[in-house]
Structure formats: C-alpha cells, structure tokens
> 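So that we are looking at the same thing, I have put the structure below in structure tokens.
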There are 2 protein chains.
Amino acid sequence: MAVTSGVKNRTRQAIIDAAIDLLAGNPACSLGEIAAAAQVGRTTLHRYFGERADLLSAVASEGGERLGRAATLADLDRGTGAEALLRLCREYFDLGSLLSLMFSGQGGECWESQDEQYLIGVIERGHADGSIDPALPSDWVLTLLWSQLYAAWEYRAQRQEASRHHVLDLLTRTLSNALRPPQS
Amino acid sequence: MAVTSGVKNRTRQAIIDAAIDLLAGNPACSLGEIAAAAQVGRTTLHRYFGERADLLSAVASEGGERLGRAATLADLDRGTGAEALLRLCREYFDLGSLLSLMFSGQGGECWESQDEQYLIGVIERGHADGSIDPALPSDWVLTLLWSQLYAAWEYRAQRQEASRHHVLDLLTRTLSNALRPPQS
DNA sequence: TCGTAGTGGAACACAGTTGTTCCATGACGG
DNA sequence: CCGTCATGGAACAACTGTGTTCCACTACGA
C-alpha cells in the first residue's frame, strides 16, 4: 500500500495544490513561497520532495491525472466532434489555475502524446462529420482550444463580476463559431 | 540631441532586441544570458542599463512604440470594426516574440490605458456596424484577440513547415468567425 | 506514561544572479 | 601618433534560493 499515514497524504496534497496555484502565476516562484502558501514549513516541503524537480514532476503528474479525469467526464466519444470538444472545454475550464500551468507549457510532460493523439482523433471526427471546418488543421484547433481556455480563465480572474457561467458561455460561443464550417 | 554616438544607439538596440527575444521565452532569464545573446559583455549591458528594472522598462517602452506603430499601420479608422481588428491582427502578428512578452502580462506597462481604450472604441464600432456580435463584451473580444495572436505565434514557432502566410490565414479565419454575429 | 510520527525553526554551506570597480584593449578621428 | 570612446574581462561583495542537518515541540496510540 502507498497509503502511508493519511496525514502525510493530506500534507502532500496541500503542497501540490499550493504549488499549482503559485506556479501558475509565476513559474519561477520559490519553494519558500510555496511552503508558506501550503501553510507548511520549508523543512516539511523538502521532506516530501527532495528537490525542486521532484515537486515539479509531482505537479505534472497531478496535472495529468486531473486532465485525464476531465476528459473522462467529457465523454468524448459521444455526439459530433465539435460537441465533444465543447464538452471537454467545459470540463477543462473548471481546472482553474492548472490551465495557466498547462498553457504556459511549463507542465510539458503532463499529458503524454497518447492524450494529445486522442484529442486529435476527436477533432478529425469533427472534420469528417462536418461539425468542424476541414480547412482548420487538427493541431491548430488544439492550439486554439487551449488559448481560448486560457483567455477565458484570465478573463474570469480579472473580472469578479463575470460569473463562471457567463464566461463559459462566451467561451462556448466564440469557440464554436471559430470552428464552424463556412456554409453551415 | 539624444543621438549620442550612433554606435551607442546600435549597442543599446541590440541589447533591447536580445532582451525581448529571451524574456519572451523565459521572463526570469539572467542578464548574463541577455548580454551573451546581444553579443555584448555583461559590463556593457550594465553601462547602458544600471539595473535590471531599467532594462525592463526600456523593453516595455520599446514594446509600446512597436505596438503603436503597428496600430498606425493598421489604419484602424477605416472600414468596419471587424475589418480594422483583422488588419490590426496582421500587423501585430509580425511583432513576433514581442507578442509572447505582451501576452504574458510581464510587459504590463507597455501600452497605457489610452491605447486599450482606443481598441475598445474600435470594437464598439464593430458592435454598432454589425460586424462584431454585440453579445460579446468589448474586453472579452480584446482578450480573445490577444490569446489567438499568441496561439498563432506559438503555432508558427513550433511548426517550421507552416508559412507565415498560412498561419495568418488560419488566424484570420478563426478570429473573424468567432466575432461574426449569429445570422450573418 | 512512554515512544513514535509528523512537524517547524534555526543554522549552515553552496550556487547563481546582481551590481560595482578597476584595468586593458581595439577603433577612430584629429 | 595620440587621446577618447566604447568595450570586455576579472574580481569582488551582497543577496537570494536551495538543500541539508540538527534539535525541539505536539499529538496520539499502546
């Protein structure tokens, strides 16, 4: 069992959560800041993650899991390619500051090429079923998805009056418009 | 006259250019790296910019000028709001790695609120003349513009086979689609 | 009550960045 | 040929972040 003590798991998770939040805003932030944000001594942080790289890879691993769970929830095999992509968008949107981390590319090793390939497949399904403009290459659509997700997250972060639902609505509208084939 | 020597101007510009390129990729990059990229000794760099903050503000100032020039070239008062925005996009796209810098928000003080307000005005013109979906708030359109510009730049940087013209075409297509009003 | 697990703080050495000073060198014009 | 201008390198002190060690404290179960 990797359960160890339960307390240790909670501490470990608190550190990882704090790291995701702070690294999203400043990829160069210090371990001391992360420890403080996690309400944990720097000594304790080092007890869990020997060196910075260990923490970063744990963050990447956690990020990969969350992305995977979101993709599962989105039920990507259902409906048209565009519908699946918009559902994925809604799930990803709730990942919050993890989005910034992914988009910054700092979390490079988060999702292996398998996940990316899977999304490419969904987009190609959209090309085939006519829900996504075939003139848009799959990898461009993927880039677009990420950039608009990040934009929506930033937009929400800067404007408190904008509710989650409202921003998600804007995101959905602009993204589905962007992907729509010409004479639909 | 602020001309000083001509040689000094070239050196100064080389440092700023190198700084823009490197800071775009890594906002925490060291002055030593920037000096090396500018093919200049670290001593010389410090002679031009007393401390890091001085270089950063010079970069911000340079960025502001380039943005302003691009906006002028785009001739924003001509045509519909959407057309003006797309022209601006084409001009901004050629700013290259400066885009990453702007979008990272590191270059916060680059363009004062006057420039931002001017763009907001262009977008509202688009709302009025029916070329931009009035359901999309102006600041959301602005966020969208920046994120898609950044996405296009990254897309181009990672794929050498994608020509400038091709990427610009994808950008134009998706952005104009995203902004298009419903029953156009 | 005692032992252990989990933790936090203080202190340290080490590495990298920053900003400074001083000196040597090459270019260029008078 | 000489002076100056712009530069590069070496060396330095100060600071910050990192990784480690050691010790003290608290909670909790046997």
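As a basis for the values below, the full set of heavy atoms in this structure was taken, side chains included, without hydrogen atoms, waters or symmetry mates.
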> Which nucleotides of nucleotides 22-28 of chain D have their base under 4.0 Å from a protein heavy atom (B), which only their sugar-phosphate (S), and which neither (-), written as one string 5' to 3'?
-------
> Which residues satisfy the salt bridge (charged side-chain N to carboxylate O under 4.0 Å, His left out) test with Arg52(A), sequence neighbours excluded?
none
> Sequence neighbours left out, what passes side chain to side chain contact (heavy atoms under 4.5 Å, CB included) with Ala28(B)? Give chain and number order.
Ala28(A), Asn26(B)
> Which whole-number value in Å describes the distance from Arg10(B) CZ to dT7(D) C1'?
13 Å
> I'd like to know if the side chain of Asn9(B) pairs up with that of Gln13(B) as donor and acceptor (distance under 3.5 Å, no hydrogens or angles considered).
no
> Is there a donor on the side chain of Arg42(B) or the base of dG19(C) sitting less than 3.5 Å from an acceptor on the other?
yes
> How many whole angstroms separate atom CD of Glu51(A) from atom P of dG17(D)?
18 Å
> Could you pull out all residues at least two apart from Arg164(A) that satisfy salt bridge (charged side-chain N to carboxylate O under 4.0 Å, His left out)?
Asp94(A)
> Side-chain atoms of residues 37-50 of chain A: list all donor-acceptor pairs with protein atoms under 3.5 Å, sequence neighbours left out, distances to 0.1 Å.
| residue | atom | partner | partner atom | Å |
| --- | --- | --- | --- | --- |
| His46(A) | ND1 | Arg42(A) | O | 3.4 |

> Take the protein atom NE2 of His46(A) and the nucleotide atom P of dG9(C), then report the distance between them rounded to whole Å.
15 Å
> Tabulate protein N/O versus nucleotide N/O from nucleotides 13-16 of chain D, keeping only pairs under 3.5 Å, one per line.
none

> Throw together a table of side-chain donor-acceptor distances under 3.5 angstrom for residues 68-80 of chain A, partners on residues two or more places apart or in other chains.
| residue | atom | partner | partner atom | Å |
| --- | --- | --- | --- | --- |
| Thr72(A) | OG1 | Gly68(A) | O | 3.0 |
| Asp75(A) | OD2 | Arg78(A) | NH1 | 3.1 |
| Asp77(A) | OD1 | Tyr118(A) | OH | 2.7 |
| Asp77(A) | OD2 | Tyr118(A) | OH | 3.3 |
| Thr80(A) | OG1 | Glu83(A) | N | 3.1 |

> For Arg52(B), answer base if it contacts any base atom (sugar-phosphate contacts may also be present), sugar-phosphate if it contacts only those atoms, and nothing otherwise; contact means non-hydrogen atoms under 4.0 Å.
sugar-phosphate
> Classify the ring geometry between Tyr150(B) and Phe103(B) as parallel (under 30°), tilted (30 to 60°) or perpendicular (over 60°).
parallel
> Just list the side-chain donor-acceptor pairs under 3.5 Å for residues 154-161 of chain B, sequence neighbours left out, or say none.
| residue | atom | partner | partner atom | Å |
| --- | --- | --- | --- | --- |
| Tyr155(B) | OH | Asp139(A) | OD1 | 2.9 |
| Arg156(B) | NH1 | Ala162(B) | O | 3.1 |
| Arg159(B) | NH1 | Asp139(A) | OD2 | 2.8 |

> Look at the side-chain N and O atoms of Tyr48(B) and state whether any lies under 4.0 Å from the OP1 or OP2 oxygen of dT7(D).
yes
> Quick check on contacts: within residues 30-40 of chain B, what sits under 4.0 Å from DNA chain C by heavy-atom distance?
Ser30(B), Leu31(B)
> By side chain to side chain contact (heavy atoms under 4.5 Å, CB included), which residues pair with Ala19(A), not counting sequence neighbours?
Leu23(A), Ile34(A), Leu55(A), Val59(A)
> Grab the CG-P distance between Leu45(B) and dA6(D) for me, whole Å please.
16 Å
> Test of understanding: with salt bridge (charged side-chain N to carboxylate O under 4.0 Å, His left out), list the residues that count as partners of Asp21(B), not counting sequence neighbours.
none
> Examine dG8(C): is either OP1 or OP2 under 4.0 Å from a nitrogen or oxygen in the side chain of Thr44(A)? Give yes or no.
yes
> Base, sugar-phosphate or nothing for Phe49(A)? Non-hydrogen atoms, less than 4.0 Å.
nothing
> Which residues pass the salt bridge (charged side-chain N to carboxylate O under 4.0 Å, His left out) test with Asp133(B), not counting sequence neighbours?
Arg173(A)
